[in-house]
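Accompanying notes for the structure given below.
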Amino acid sequence: MKSLFLARLSVFVLTFGLSVAIVAQQAAPAPAATQQKKTYSPKAQERITREVRHQLLKLPYYGGPFDHISFRLVGYDVVLMGQVVNYTLKPDAEKAIRHIEGVERVINHIETLPPSAGDDRLRRDLYRSIYGYAPLQRYRMPPTKPIQIIVKHGHVMLEGVVISKADKNMVGIRANGVPGVFSVTNNLMIEKEGAGM
């Protein structure tokens, strides 16, 4: 049952671009201070996870390749994480999930990336290098891009989901080949474990 749920979740993430980090972070142990909090039943946790994901996908300025939002449940709280270019996404994300039944508090750790002409140029160049490369063009199809390109002061983080290890490596190589990039952290997850090996 659990593997079926995870398989469906990974397909959903690939289609809509929210990072599978959501599931990984939910499974991570809570900090010691919050371990004593009551937690949702598995059914309630699934419902709230689905509703939070749905509300985030509905955000009007979310879905481009340069923003990454993830979350985890800690007790009855929702912790938001990630990096966004559009400064309105941080408060909009918090506002969108605050009203969900069962959520007591929203802890918003989303980072708004500072404006930078150099980073904007790198975003454009990285987008062309990754999404313009013929073997990776299939990732351009979903309305929300499954590969998020996060740029901060010339340092690049790749988030999201790809189909195979070969695609993950190819995206990393394409990103590293863009002039002006200082470093690349490839956090891309593979849709099916073991694919492309």
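To the nearest 0.5 Å, atom CG of residue Asn86 and atom CG of residue Leu89 are 4.5 Å apart. Rounded to the nearest 0.5 Å, atoms CD1 (Ile69) and OH (Tyr62) are 5.0 Å apart. Between Ile97 atom CD1 and His54 atom NE2 the span is 13.0 Å, to the nearest 0.5 Å. Within the model, atoms CD of Gln83 and CE of Met157 stand 3.5 Å from one another, a figure rounded to the nearest 0.5 Å. Going from atom CD1 of Ile110 over to atom NE2 of His68 covers 10.0 Å, rounded to the nearest 0.5 Å. Taken to the nearest 0.5 Å, the CD atom of Gln55 stands 5.5 Å off from the CD1 atom of Ile100.
Just one of Lys168, Gln148, Glu159 meets the side-chain contact (heavy atoms from CB on, under 4.5 Å) condition when paired with Leu188; it is Lys168.
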Verdict with reasoning, Lys152 to Glu111, per salt bridge (charged side-chain N to carboxylate O under 4.0 Å, His left out): CA-CA 11 Å; Lys152 182 177 178 184; Glu111 176 187 9; 2.4 Å; yes
Check the pair Glu51 / Val103 against side-chain contact (heavy atoms from CB on, under 4.5 Å), numbers first and verdict last. CA-CA 11 Å; Glu51 182 64 20; Val103 173; over 6 Å; no
Could you please spell out the steps behind the side-chain contact (heavy atoms from CB on, under 4.5 Å) verdict for Val162 and Tyr139? CA-CA 8 Å; Val162 291; Tyr139 294 106; 3.5 Å; yes
Just do the side-chain contact (heavy atoms from CB on, under 4.5 Å) check on Thr185 and Val156 with the steps written out, would you? CA-CA 6 Å; Thr185 303; Val156 177; over 6 Å; no
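Taking all atoms of both residues into account, the shortest heavy-atom contact from Leu56 to Ala93 is CD2-CB, 3.8 Å. Heavy atoms only, all atoms of each residue included: Pro65 and Tyr131 are closest at CB-CE1, 4.1 Å. Smallest separation of non-hydrogen atoms from Ser129 and Val178: CB-CG2, 3.7 Å. Tyr61 and Thr88 get closest at one heavy-atom pair: CD1-OG1, 3.9 Å. When all heavy atoms are compared, the tightest approach of Leu113 to Val151 is CD1-O, 3.7 Å. For Ile190 against Val161, the heavy-atom pair with the smallest separation is C-CG1, 4.5 Å.
Both the sub-6.0 Å distance and the 45° axial angle are satisfied by Arg174 relative to the ring of Tyr133.
Ion pairing between Glu94 and Arg98 holds under the 4.0 Å rule for side-chain N and carboxylate O. The pair Asp120-Arg124 fails the salt-bridge criterion, with no side-chain N (NZ, NE, NH1 or NH2) lying under 4.0 Å from an Asp/Glu carboxylate O.
Annotation: side chain of Val85 is in contact with side chain of Arg123 (closest heavy-atom distance under 4.5 Å). Using a 4.5 Å heavy-atom cutoff, the side chains of Ile150 and Leu158 are not in contact. Within the 4.5 Å cutoff, the side chain of Leu80 has no heavy atoms near those of the Ile107 side chain. Residues Pro135 and Met170 form a side-chain contact, since some pair of their non-hydrogen atoms from C-beta on lies under 4.5 Å apart.
Of the possible donor and acceptor atoms, none in the side chain of Asn176 sits under 3.5 Å from a partner among the backbone N and O of Ser183.
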